Amino acid sequence: MCTADHALVFYNGQAVDLLGGAQAPGLDRRVFDYLHPAPIRHAHARLLATADPDAASDLLCATVADGRTLAARMRLISEGEDHQVRRLAGYVLTLRDVSADLRAHAGREALMDELFDRIRRPAAALQSLMGVLIAEDGPADPQARAQLREAARAEAGHLAQAIHTLHDRHEAMRADWWPLAMIRASDFGAAVQARVAAEGAGDLLPVTAALLLRLEGFEMVALIAHLVRRLGPGRAEKRLEVLEDGAGALIALEWRGAAVAIADLELWLSEPLDVGQAEVTGRRVLSVHATDLWPERLHEGRHRLCLPLREARRIGPDPHPVPRPVPRQVVYDFDLLGRGGESALAETPLDKLTFVVFDTETTGLFPTGGDEIVQIAAVRIVNGRRVAGEVFDTLVNPGRPIPAASTAIHGITEAMVATAPAIAEVGRRFHKFAEGAVLVAHNAPFDLEFLRRKELLIGKNFDNPVLDTVHLSAVVFGAAEGHSLDALTHRLGITIPEEARHTALGDTVATAEAFLRLLPALKARGLTTFGAVLTEVRKHGRLMRDMNA
């Protein structure tokens, strides 16, 4: 489940498995970190335009991590007692992995295409040449020759008819198998018109019948817009018609001007479409829909491209949605749905921010003297609570020996990090985990110094806003008190297990618990926004330098 800004507010264990990647999903993170955005944006905009609380959109999307193809269904979340869809409404996205099915289907398609290609032409040749061969080599008796000739022609005709019948059945099965959706013709026409306008390809007039079309909306819109762009400005009065055609429909792209050569049309269909996947061409879209595209000449200098769809139906009442059981093992925070666009960071309430609390363990205390990180751990806090399932914890190969004195503190040995990834990889993963969040640490300058000195190697800048629990402790309890992590947790009644102390994850969890208990104390002092807290902590700069410069 996502907000209107495409931030995650709910996901279950099955979604984690489907989305894949080194970094698991996280609340208040954009779904585009895990799925390519174009099909999702298109489906969401189309559903918002319908303003129908019961409408749903089927689409195909691909994962960012490994390119798996997922069949998805999107439904908007209605708001209010009248269940009206509003501009700020989020949506529910259900996902199904069809990658294996697509690969198997592609293999069967290739085999069947080869079969028909190798048989169709010999059969046609047999039918046309049989008469000549029989006339030259057949019996001398004219009647017998005529009978043999007729029998041969009949057999050749049966063979050709059988092949054509099998081909038609194969095409129908292909169209039935592919996960296509039923989409309003008016929505389809409006989507093409909007895309053509956005691409600066001129004006296009959609004229559509009251039909539901069975097609993959996002890719078909991209194909028609691609053809409009290729027609160019020299062909005028372009219009897109969707007509009823028996049990199906005909999509016709019409214009006034020069005709389109078959060679040009084949070239256009072989070009990649602008859908974020290079392998998606116009020819592939036609194959998915078991159809073809051809030019036709009309009257008075007009021409059109014709694309038939096998299945369409007149618009009737929408069926009631089928209730589904609530999945188990879910992570959610529905309060995120109520957020609008955030104001400037300084004016943002603390309870509206997402925090990443982190800690590092190192080979020593001197980042400028060659010491390196050996472990990073972090947890996420969303809407004032720690999300138990969203944890970052990994060892790091420092590329140098770990002194025995350091091992005695954090327990990490050289053998433990021998096969661990280097800071370049871990740093990129941690940067992604912390993206869009406020970083929180105890003695933040120490940990951030190690990370910022590696920014060039990592290829990312750690420029997140920062809060330090040392500063927050001084604000709440006064600068004269002790502000070590042990002193702070003791003061707040937090117990750190002995075996967890001085481990990155143990100290991170303790810091997160301390931070959560400090937030109400800050609020009681009237410090409710990030800017107000930052102004106050800068009064305690002598304790530690501020990392938000």
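We're numbering straight along the sequence, starting at 1. Keep in mind that this is a model prediction, so the values were computed, not measured.
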Using the ring of each side chain (for Trp, its six-membered ring), is H44 parallel, tilted or perpendicular to Y91, with breaks at 30° and 60°? tilted
Rounded to the nearest 0.5 angstrom, the CZ-CG distance for R75 and D58 is 9.5 Å
Sorted by chain and residue number, the ring pair (Phe, Tyr, Trp, His ring centres under 6.0 Å) partners of H226 (sequence neighbours excluded) come out as none
Any chance you could measure I40, atom CD1, to S57, atom OG, to the nearest 0.5 Å? 11.0 Å
Check the orientation of F430 and F358. Use parallel for under 30°, tilted for 30 to 60°, and perpendicular for over 60°. tilted
Test your reading of the model: is there a side-chain donor-acceptor pair from K238 to the backbone of G232, 3.5 Å cut-off? yes
R214 side-chain N/O to E311 backbone N/O, donor-acceptor pair under 3.5 Å: no
Counting only heavy atoms not in D264 (residues, nucleotides, ligands), do more than 12 fall under 6.0 Å from its CG? yes
For the side chain of T529 and the backbone of P349, is there at least one donor-acceptor N/O pair under 3.5 Å apart? no
Do H289 side-chain atoms and V285 backbone N/O form a donor-acceptor pair below 3.5 Å? yes
In Å and rounded to the nearest 0.5 Å, what is the CD1 to CZ distance from I251 to F188? 4.0 Å
R297 side chain to R302 main-chain N or O, any donor-acceptor pair under 3.5 Å? no
With a 4.0 Å cut-off, would you call E199 and R229 a salt bridge? yes
Under a plain distance cut-off of 3.5 Å, with no hydrogens placed, do E296 and W294 share a side-chain donor-acceptor pair? yes
Is it the case that the side chain of R68 and the backbone of L18 share a donor-acceptor pair, with hydrogens and angles ignored and the cut-off at 3.5 Å? yes
Test: R29 and E390 ion pair at under 4.0 Å: no
Any ion pair linking E455 and K460 (charged N to carboxylate O, less than 4.0 Å)? no
Salt-bridge criterion met for K432 and D33 (N-O under 4.0 Å): yes
Treating T291 as the side-chain partner and P308 as the backbone partner, does any N or O pair qualify as donor plus acceptor under 3.5 Å? yes
Spacing of CG belonging to L305 relative to CD1 belonging to I224, to within rounding of 0.5 Å: 8.0 Å
Charged N-O contact under 4.0 Å between R30 and E435: no
Please report the interatomic distance CZ(F530) to CG(L467), rounded to the nearest 0.5 Å. 4.5 Å
Rounded to the nearest 0.5 angstrom, the CG-CZ distance for N461 and R452 is 9.0 Å
